[in-house]
Amino acid sequence: MTDSYNPSEIDKKWQRKWEEDGLYESPDDDPRPKWYFLTMLPYTSGDLHIGHWYPMAPSDVAARYKRMQGYNVLFPMGFDAFGLPAENAAIKQQIHPYKWTMDNIQRMRQQLKSMGAMFDWRREASSCDPEYYRWTQWWFLKFYEKGLAYRAKAPANWCPSCQTVLANEQVLPSGDCERCGTPVSRRDLEQWFFRITNYADELLDHSQIQWPERVVTMQKNWIGRSEGVEIAFGLDVPGVEEKDIRVFTTRPDTVYGVTFMVLAPEHPLVEKLTTPDRRAEVEAYVEQARRLSEIQRLSTEKEKTGVFTGSYCKNLLSGQEVALWVADYALLTYGTGIVMGVPAHDHRDLDFAKKYGLPIITVIAPPGWQGEELTEAYVEQGTMVNSGPFDGTPSDQGYHAVADYVESKGWGGRKVGYRLRDWLISRQRYWGCPIPIVYCDRCGTVPVPEEDLPVLLPEDAEFKPTGESPLASHQGFVNTTCPRCQGPARRETDTMDTFMDSNWYFIRYLSPHYDEGPVDPALAKKWLPVDQYTGGAEHAVMHLLYARFFWKVARDLGMLPGDEPFLRLFNQGHIAVERAKMSKSRGNVITPDEYVDRLGADTVRCYLMFMGPWEHGGEWDDSGIFGIHRWLNRVWGLILGGAPTDGADAEAAHQLRHVTHKTIRRVTEDMERFRFNTMLAALMEFSNSLAKARESGAVDAGAWQEAVETLLLLMAPSAPHLSEELWARLGKPYSIHQQPWPKWDEELAKEEEITLVVQVNGKVRDRLQVPADIDEERAKELALASQRVQAHIEGKQIQRVIYVPGKLVNVVVR
RNA sequence: GCCGAAGUGGCGGAAUUGGUAGACGCGGCAGACUCAAAAUCUGCUGAGGGGCAACCCUCGUGCCGGUUCGACUCCGGCCUUCGGCACCA
């Protein structure tokens, strides 16, 4: 008799041994080809739950597979440690964010280790570590030196009652402050931006990376490149120095149809253009617009609103006077912040014109148009009408004709517009990376010299529920001396967006303690870029776009090789509980710990993979986990129970080898595609057929040995503890994780017989077992000879017979 | 609202290129073992109908329509759910 599978014992035993032996330390000097496998790092929320294992365990499996394939695999882990929740905890529980975060990291690291992953813990990095954020600040200085960092006014959510800036997350859907219920407004603050728009065109190019098509599409839409024309309209308003206002349009051919102009409520010209009699109304409208979120403002369902400023501009092409309105559907951040209103040919403009009784002039005639009034906005191409000298021009040509004319007159010209905006990196918070800038009355804005980095977060900051930024009120932090003139100066008190930290964590992993730069250049050259990145689709746009931008800037600084940080990307899904994401605040956290204690890490790892396709994620339901556990137990018994090894015939031996090699192929192909659920199904089928073979009473000794060893090798990435234990018990050399991945023999794996499906008019009527190499003539012959087929074609006329090699015959009758 | 996805038995899911719908597992039912239970093992298990039976027929992949010899797969239109929408990470 064999002893039974005892995961709690063998998990610990092997984890200890692997750690002692440094089995998973990826050598920096290794001749094997490198493979950098990166999975997104967790935020240090302190509740490492099954939702964290879901992305990590299969990543570990894929990384282990690559390693067995002969790559020198780097699979690091770290912690995304700056952010809002730590600061909230500080305010609520009076725990310092540093302590809160470090305690969480400590706990999460232990939980992660229980998974049995091949993380190289020597490479661990945490973004809140001064050793890390010193270099985040260094990068900021490089951006600043390159002219990619600048300051400008930008709105932030402002709670007038709490006297504080709120994150979007802290504003309720109603637009009220989540803490006190006061309506939140927007207030303009001087903030730091990165010029990501300088790289917009390069970011649109995904040709060097293998990413899911949907992520590429989302990024392209996010960047939103559109070609258009900027057109000046004449302005002659007493007391206003600007003599024209400019709009960006993708439809210059409709310019004769402009009947009004719309300025974004935040536009600086609004105040100047508003006539005294309109002032009260305009100010009230602007104030109201500042309360709406961008999503609300842009909703095409929301009724259009706006107010007239009292001023006019002049359409230089038509000579028409055009009323200047303020409306919240114009966004300051897109184009020039001013939209030309062409109600006849734009849905939103039409809604607006109808509501406020503004004129509607048709300037693009649909085919066959007889001058009748259009009931809907006509947004397609047509023929220009009511357009002075351009009448009769097809609108696609009109685009260029108007653009040329505008350019020749010096009234504007062709331009490319982007939906993408520069990246606002300032956050009015404590728990983030301080922006290394000093403001001096004499010298102005002065970067902190590199040798003075890091600008440390003061440890004795106070966290008051008033919401006042702990850095801004910390005199010891704020007051400093100017690095240039040594005079009194003030520090920047904003910290950086945490996306700045996550832009380069995978670079820091390579040499987390290197202190002569953000990364040891030799290691950057050796390991970068990342070969495979895995993480949630929620990062499809922001993180992944910012990180690409960051990389390109670093490349231009000569710091990094190649044009892209992540060559391949896979987005896994998420585990939900009662349809909600797992989180401490929702109180729906499922920890892996109790499952690991009872059933072992391998069961939990495999169950997460078996739930469904990795990219789908799913609702947590543990009812199937025992099925996986039973399977691992059966494998245990199967391997240790041996098999009667005499009296097997050659055919049985061949069958066993066929199944073995077919399984190697299936598992390998599924590994390549990250289809872990079907990979495990293939392994289960394999172990089931081994059990059947044993039951038959006799198996070929050689074929059996090959089969069980193959089973263990194929299972090694998924169930690393169990397979290591059984490998050792078979007397095979340590470690199974250093063995090469099995290769299949195409001859053995191929099917000798196939099921030929026979259809009549597309309906399955028979299935025939035939040799795999059957030819078309013979297949059709057999199909028509089938009695079941005969019954369905009797008395009917055969029109044609369709043959799909290796698959089916379809008899079409009438 | 806009952008991007997903929807298949009682449940999770499978079906690599338009070609056998339901692999694998859970649950359920029946049986074996047992004094009994647990564990384990074996068989059956989409719905409806027919047949003593081996089997046979019809329907069936969110909904409506289309293309095709043939559609879970392609096209058009909807519905629902999920991710993102620039200060959650």
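Just so it is clear, the values below take in all heavy atoms, side chains as well, and ignore hydrogens, waters and symmetry mates. Predicted model only: the values in this text are computed from it and were never measured. By convention in this document, chain letters (A, B, ...) are assigned in the order of the sequence lines, proteins followed by strands, and residues within each chain are numbered from 1.
- Within 4.0 Å (heavy atoms only), A:Arg348 reaches no atom of the nucleic acid at all.
- Residue contacts shown for A:Lys302 are absent, as no nucleic acid heavy atom lies under 4.0 Å away.
- In this structure, A:Gln219 atom CD and B:A5 atom P are separated by 14 Å, rounded to whole Å.
- B:C55 and B:U45 have their P atoms separated by 11 Å, given to the nearest Å.
- Backbone-only engagement by A:Pro613 is indicated by non-hydrogen atom pairs under 4.0 Å involving sugar-phosphate atoms exclusively.
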Nucleic acid footprint by protein, nucleotides 17-32 of chain B - heavy-atom cut-off 4.0 Å, B for base, S for sugar-phosphate alone:
--BBS-BBSSS-----
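- Note: NE2 (A:His616) to P (B:A14) measures 7 Å, nearest angstrom.
- Atom pair A:Leu632:CG and B:U40:P shows a separation of 13 Å (rounding to whole Å applied).
- Between B:G1 and A:Lys304, no contact under 4.0 Å exists linking OP1 or OP2 to a side-chain N or O.
- With rounding to whole Å, A:Arg579 atom CZ is found 12 Å from B:U80 atom P.
- Looking at heavy-atom distances under 4.0 Å, A:Arg214 makes contact with sugar-phosphate atoms alone, never a base.
- B:G43 and B:A23 have their P atoms separated by 14 Å, with the value rounded to a whole Å.
- One finds no salt bridge joining A:Arg675 and A:Glu669 here, because no Lys/Arg side-chain nitrogen approaches an Asp/Glu carboxylate oxygen to under 4.0 Å.
- Under the rule for a salt bridge (charged side-chain N to carboxylate O under 4.0 Å, His left out), the partners of A:Asp670 that lie at least two apart in sequence or sit in another chain are A:Arg673.
- With respect to A:Glu578 and A:Arg586, no salt bridge is recorded, no charged nitrogen being found less than 4.0 Å from a carboxylate O.
- When A:Thr495, A:Leu471, A:Leu189 are each tested for a side-chain contact (heavy atoms from CB on, under 4.5 Å) with A:Gln428, only one passes: A:Leu189.
- With respect to A:Trp620, the ring-ring contact (aromatic ring centres under 6.0 Å, His included) criterion is satisfied by exactly one of A:Trp53, A:Tyr595, A:Tyr54: A:Tyr595.
- Between A:Asp328 and the choices A:Lys304, A:Lys302, A:Arg186, the salt bridge (charged side-chain N to carboxylate O under 4.0 Å, His left out) rule is met once, by A:Lys302.
- B:G22 and B:A47 have their P atoms separated by 14 Å, given to the nearest Å.
- When heavy atoms are screened at a 4.0 angstrom cut-off, A:Ile295 is found touching base atoms of the nucleic acid.
- Defined by atom type and a distance below 3.5 Å, a donor-acceptor pair is missing between the side-chain atoms of A:Ser502 and A:Tyr43.
- As a whole-Å value, the separation of A:Met40 CE from B:G83 C1' is 13 Å.
- In terms of position on RNA chain B, the residue among A:Thr217 and A:Asp422 whose nearest nucleotide sits closer to the 5' end is A:Thr217.
- Residue contacts shown for A:Glu669 include a base, since a base heavy atom lies under 4.0 Å away.
- Using the six-membered ring where Trp is involved, A:Phe570 and A:Phe674 have ring planes that are perpendicular, over 60° apart on the 30 and 60° scheme.
- Between the P atoms of B:C75 and B:G4, the separation comes to 14 Å (whole Å).
- The phosphate of B:C69 (OP1 or OP2) has no side-chain N or O of A:Arg814 nearer than 4.0 angstrom.
- Taking 4.0 angstrom as the limit, A:Asn633 places none of its side-chain polar atoms (N or O) nearer than this to OP1 or OP2 of B:U40.
- Residues in residues 540-549 of chain A take part in these side-chain hydrogen bond (donor to acceptor under 3.5 Å, both in side chains) pairs, two or more places apart or across chains: A:His206-A:Arg548, A:Gln219-A:Arg548, A:Tyr533-A:His543, A:Arg548-A:Glu564.
- The side chain to side chain contact (heavy atoms under 4.5 Å, CB included) search around A:Thr498 returns A:Phe82, A:Asp501, not counting sequence neighbours.
- Here A:Glu213 lies out of heavy-atom contact (under 4.0 Å) with every strand.
- At the phosphate of B:C56, OP1 or OP2 sits under 4.0 Å from a side-chain N or O atom of A:Arg788.
- With C1' as the reference atom, B:G49 and B:G13 are 29 Å apart, rounded to whole Å.
- In this structure, NZ of A:Lys581 is placed 7 Å from P of B:G83, rounded to the nearest angstrom.
- Contact between A:Thr136 and A:Met496 at its shortest, heavy atoms only, is O-CE, 4.0 Å.
- B:A14 and B:C26 have their C1' atoms separated by 15 Å, given to the nearest Å.
- Stems are defined here as 3 or more consecutive Watson-Crick or G-U wobble pairs with pairing distances under 3.5 Å; those involving RNA chain B are B:1-7 with B:79-85, B:10-12 with B:24-26, B:27-32 with B:40-45, B:46-50 with B:55-59, B:62-66 with B:74-78.
- For the pair A:Asp766 CG and B:C56 C1', the computed distance is 12 Å after rounding to whole Å.
- No engagement by A:Gly618 is indicated, since no non-hydrogen atom pair under 4.0 Å with the nucleic acid exists.
- Base orientation at B:G65 is anti, since its O4'-C1' glycosidic dihedral falls outside 90° of 0.
- Heavy-atom distances to RNA chain B give each of A:Glu538 and A:Tyr43 a nearest nucleotide, and the one nearer the 5′ end belongs to A:Glu538.
- Between A:His792 and B:C57 there is a side-chain N or O to OP1 or OP2 distance below 4.0 Å.
- Among the atoms of the strands shown, none is found under 4.0 Å from any heavy atom of A:Trp631.
- Separating the CG atom of A:Leu298 from the P atom of B:C85 is a distance of 14 Å, rounded to the nearest angstrom.
- B:C11 and B:G66 have their C1' atoms separated by 34 Å, given to the nearest Å.
- At a threshold of 4.0 angstrom between heavy atoms, the contacts of A:Ser293 with the nucleic acid are absent.
- Using a cut-off of 4.0 Å between Lys/Arg side-chain N and Asp/Glu carboxylate O, A:Lys780 and A:Glu776 are scored as salt-bridged.
- Here A:His574 lies out of heavy-atom contact (under 4.0 Å) with every strand.
- Under the side chain to side chain contact (heavy atoms under 4.5 Å, CB included) criterion, A:Arg767 pairs with A:Thr755, A:Val764, sequence neighbours left out.
- Nucleotides B:G19 and B:C24 are separated by 23 Å at their C1' atoms, to the nearest Å.
- A:Ala576 comes within 4.0 angstrom of nothing in the nucleic acid, heavy atoms only.
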